[in-house]
Amino acid sequence: MSKDYETVIGLEVHVELATKTKIFCGCSTAFGGAPNTHVCPVCSGMPGALPVLNKKVVEYAAAVGLATHCTINQNCKFDRKNYFYPDNPQNYQISQLYEPICQNGYVEIETEAGSKKVGIHEIHMEEDAGKLIHDDWQDCSYVDYNRSGVPLIEIVSEPDMRSADEVIAYLDKLRLIIQYLGASDCKLQEGSMRADVNLSVREAGSAKLGTRTEMKNLNSFKAIARAIANERQRQIDLLEEGRPVVQETRRWDDNQEYSYAMRSKEDAQDYRYFPEPDLVPVVISDQWLQEIKSRQPELRDEKLRRYKTEYQIPDYDARILTSSKKMADLFEETAAICKKPKKVSNWLMVEAMRLLKEENLEPEDLSFSPAHLAALINLTEEGAISGTVAKEVFEAVFREDVDPVSYVEEKGLKADTDADALKKILEQVIADHPQSVTDYRNGKEKALGFLVGQTMKATRGKANPAMINQMLREML
Ligand code: ADP
Ligand code: ZN
Ligand code: MG
């Protein structure tokens with residue numbers, strides 16, 4: 001008889017902070033420069049070079065801690081984690097082990113069974129490593145230190161998650177909080193947010209945690225879900241065969257849908273951590289902490305509540321609009337200009353989302369100006385352009401941020417409200433489709449729709465359908 005097993009998951013999430021310069025030197029953090037062009041003696045580990053802490057890193061880390069209900073450790077410090085790897089030129093990483101900047105927080109996630117708190121054990125600051133590029137053709141590896149010294153925070157959760165759905169809800173929640181704070185763009189695919197999944201299984205009802213493994217290299221929600229399902233089953237199979245789960249780090253290969261052991265799990269003592277001698281401890285004064293607190297922006301949950309009361313839009317709309325900081329900002333700014341929040345919401349939720357999907361983009365990539373969307377909404381409200389034309393204009397706004405007023409002017413897209421001109425076209429349509437005219441006169445309403453359609457076609461979508469409808473009825 002097979003037993004019931006529970007999955008237990010804790011996450012270690014690395015997030016690259018959006019500072020302009022690195023954590024301990026003035027080099028640029030910009031992504032994608034030519035290899036080894038954003039480097040200096042500090043971030044390439046030259047002897048005698050000394051680190052100086054970037055103040056902004058402390059502020060971002062504390063802001064994330066405050067938003068996740070952590071206690072801020074006003075006297076924290078850095079430690080050295082010693083290990084050799086070619087992408088790590090100092091042979092150590094400056095991180096925080098003994099006194100991390102934030103501790104004991106939580107975030108609330110929505111699950112099928114209602115909302116649930118996932119504990120945050122700690123958040124610490126550290127530096128990123130460089131990147132190795134393996135060239136299989138030439139059988140050699142290159143190293144690029146541009147990323148060496150880019151600031152990271154590591155958010156360590158408690159083992160509070162029980163399924164892939166909860167893990168994804170947790171990551172999405174963190175992403176939204178951090179994006180709203182402007183602390184990072186949190187892109188899994190580009191590596192500015194990276195999640196390591198610690199997973200164990202235990203017999204349902206057992207209070208004792210099982211032995212866990214840690215999985216690395218997960219760069220999409222789909223990969224995370226597949227890796228979790230696969231690792232859960234692998235561990236259950238071992239236990240069912242009476243074999244032990246080995247505590248180790250495994251690498252997930254999403255193409256093969258399979259993970260393999262990378263190295264046996266190392267302990268903190270293996271790294272010979274010691275207090276970083278080149279940096280003074282960080283003291284966050286009450287006043288500084290107060291300043292950071294006063295700069296905290298409105299976060300997603302508050303915004304969601306406010307949208308429903310202030311703009312009177314449905315919960316469904318509010319959720320989609322606030323699912324990205326960029327989209328929420330666009331919504332608010334456009335609504336402030338044209339004063340028609342529901343119309344703004346419709347354009348963003350329907351057409352903008354459709355085009356984003358078509359282009360394989362994220363809401364964060366929306367780049368048109370609120371004034372242009374507002375102008376488009378005003379044109380449709382005044383009846384100056386038809387619905388069909390409005391969609392065409394929106395695409396031009398979406399893609400090139402055109403000014404709808406001059407665009408409509410230049411392309412001659414203004415709706416024809418000239419009754420005489422329309423009447424001539426209607427006469428032609430009527431003459432061309434005698435059968436439909438007879439059908440309509442014999443009581444077939446559908447025939448009228450056909451004639452309206454023909455007229456719209458003849459005016460290239462520029463006429464006002466309500467006007468056509470009314471005039472047709474009169475003329476027939
Ligand atoms: P270490 O110091 O060895 O890295 P930690 O105690 O810091 O281990 O935990 C690392 C991560 O693993 C945390 O996110 C934690 O929630 C998770 N974790 C710890 N024990 C388990 C377990 N038995 N099952 C699943 N996850 C676990
Ligand atoms: Zn540098
Ligand atoms: Mg740890």
Side-chain angles (χ1 to χ4, degrees), residues 5-14 19-30 33 36-46 49-54 57 79 81 83 89-90 94-98 100 103-107 117-124 126-130 144-151 154-164 166-167 170-171 174 194-203 206-216 218 227-228 231-232 235-236 239 244-250 263-271 273:
Y5 289 93
E6 180 180 45
T7 319
V8 174
I9 305 168
L11 253 52
E12 290 161 290
V13 177
H14 286 91
T19 55
K20 295 214 164 52
T21 56
K22 293 185 179 180
I23 182 169
F24 300 124
C25 63
C27 291
S28 164
T29 55
N36 297 308
T37 52
H38 303 162
V39 291
C40 74
V42 173
C43 58
S44 56
M46 294 294 154
L50 290 172
V52 177
L53 177 61
N54 181 340
V57 172
D79 304 291
K81 179 179 184 181
Y83 69 96
Q90 305 160 132
I94 303 180
S95 180
Q96 297 193 293
L97 178 73
Y98 301 109
Q103 277 169 306
N104 293 329
Y106 68 88
V107 296
K117 282 181 185 165
V118 175
I120 291 182
H121 183 77
E122 64 172 77
I123 301 176
H124 59 256
E126 60 187 30
E127 55 182 336
D128 208 346
D144 176 4
Y145 292 122
N146 283 353
R147 201 178 66 181
S148 168
V150 166
E154 179 175 340
I155 306 164
V156 183
S157 86
E158 299 294 350
D160 286 347
M161 286 159 275
R162 298 289 174 266
S163 67
E166 290 188 8
V167 167
Y170 169 77
L171 284 172
L174 283 184
R194 315 195 275 265
D196 299 338
V197 174
N198 295 275
L199 185 151
S200 62
V201 296
R202 63 179 170 191
E203 268 182 55
S206 158
K208 208 168 138 257
L209 289 175
T211 304
R212 74 177 189 273
T213 60
E214 178 180 357
M215 277 184 295
K216 289 193 180 289
L218 304 165
I228 288 174
E231 180 60 11
R232 170 187 152 87
Q235 292 188 13
I236 292 174
L239 297 179
V245 172
V246 178
Q247 188 173 335
E248 64 193 358
T249 303
R250 302 179 67 84
R263 54 171 189 252
S264 66
K265 174 72 183 165
E266 61 290 341
D267 278 320
Q269 63 262 27
D270 297 333
Y271 288 111
Y273 276 96

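Here the structure is a predicted model, which is why all the values come from computation and not from measurement. Just follow the structure's listing: the first ligand is 1, and inside any ligand the first atom is 1. Atoms considered below: every heavy atom in the structure, side chains included; atoms not considered: hydrogens, waters and symmetry mates.
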Element-labelled atoms of ligand 1 that are located less than 4.0 Å from some non-hydrogen atom of [X]:
X: G210; value: 23 (N)
X: V8; value: 24 (N), 25 (C)
X: L209; value: 23 (N)
X: L11; value: 14 (O)
X: V156; value: 13 (C), 14 (O)

Is P159 close to ligand 1, meaning an N/O of one under 3.5 Å from an N/O of the other?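 Yes; the residue has a nitrogen or oxygen that sits under 3.5 Å from a nitrogen or oxygen of the ligand.
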For ligand 1, is there an N or O atom under 3.5 Å from any N or O atom of S200? yes
Between E231 and R250, does any NZ, NE, NH1 or NH2 come within less than 4.0 Å of an OD or OE carboxylate oxygen?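 Here R250 pairs with E231 in a salt bridge, since their nearest N and O are under 4.0 Å apart.
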When you check the gap from the basic side-chain N to the acidic O, do E248 and R263 get nearer than 4.0 Å?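 Salt bridge absent between E248 and R263.
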I need the minimum non-hydrogen distance between Y5 and R232, along with the two atoms involved.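 Minimum heavy-atom separation between Y5 and R232: O-NH1, 3.3 Å.
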Are the side chains of V201 and V8 in touch, meaning some heavy atoms are under 4.5 Å apart?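 The answer is no; the side chains never approach within 4.5 Å.
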Of T249, N198, T7, I9, the residue with the heavy atom nearest atom 11 (C) of ligand 1 is N198
Measure from atom 8 (O) of ligand 1 to every heavy atom in E158, E12, R212 and give the option owning the shortest one.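 Heavy atom nearest to atom 8 (O) of ligand 1 belongs to R212.
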Report yes or no: do S148 and E127 form a side-chain donor-acceptor pair below 3.5 Å? no
Flag for S200-Q235: side-chain donor and acceptor within less than 3.5 Å: no
The Zn ion (ligand 2) contact by C43, N, O or S atom under 2.8 Å: yes
Euclidean distance, E166 CD relative to D160 CG, rounded to 0.5 Å: 9.0 Å
The single option from T7, V167, L11, V245 that satisfies side chain to side chain contact (heavy atoms under 4.5 Å, CB included) with L199 is T7
How many degrees, to 10°, between C25 SG and C27 SG as seen from the Zn ion (ligand 2)? 110°
Under 4.0 Å, heavy atoms only, figure out whether ligand 1 is touched by the backbone of D160, its side chain, both or neither. neither
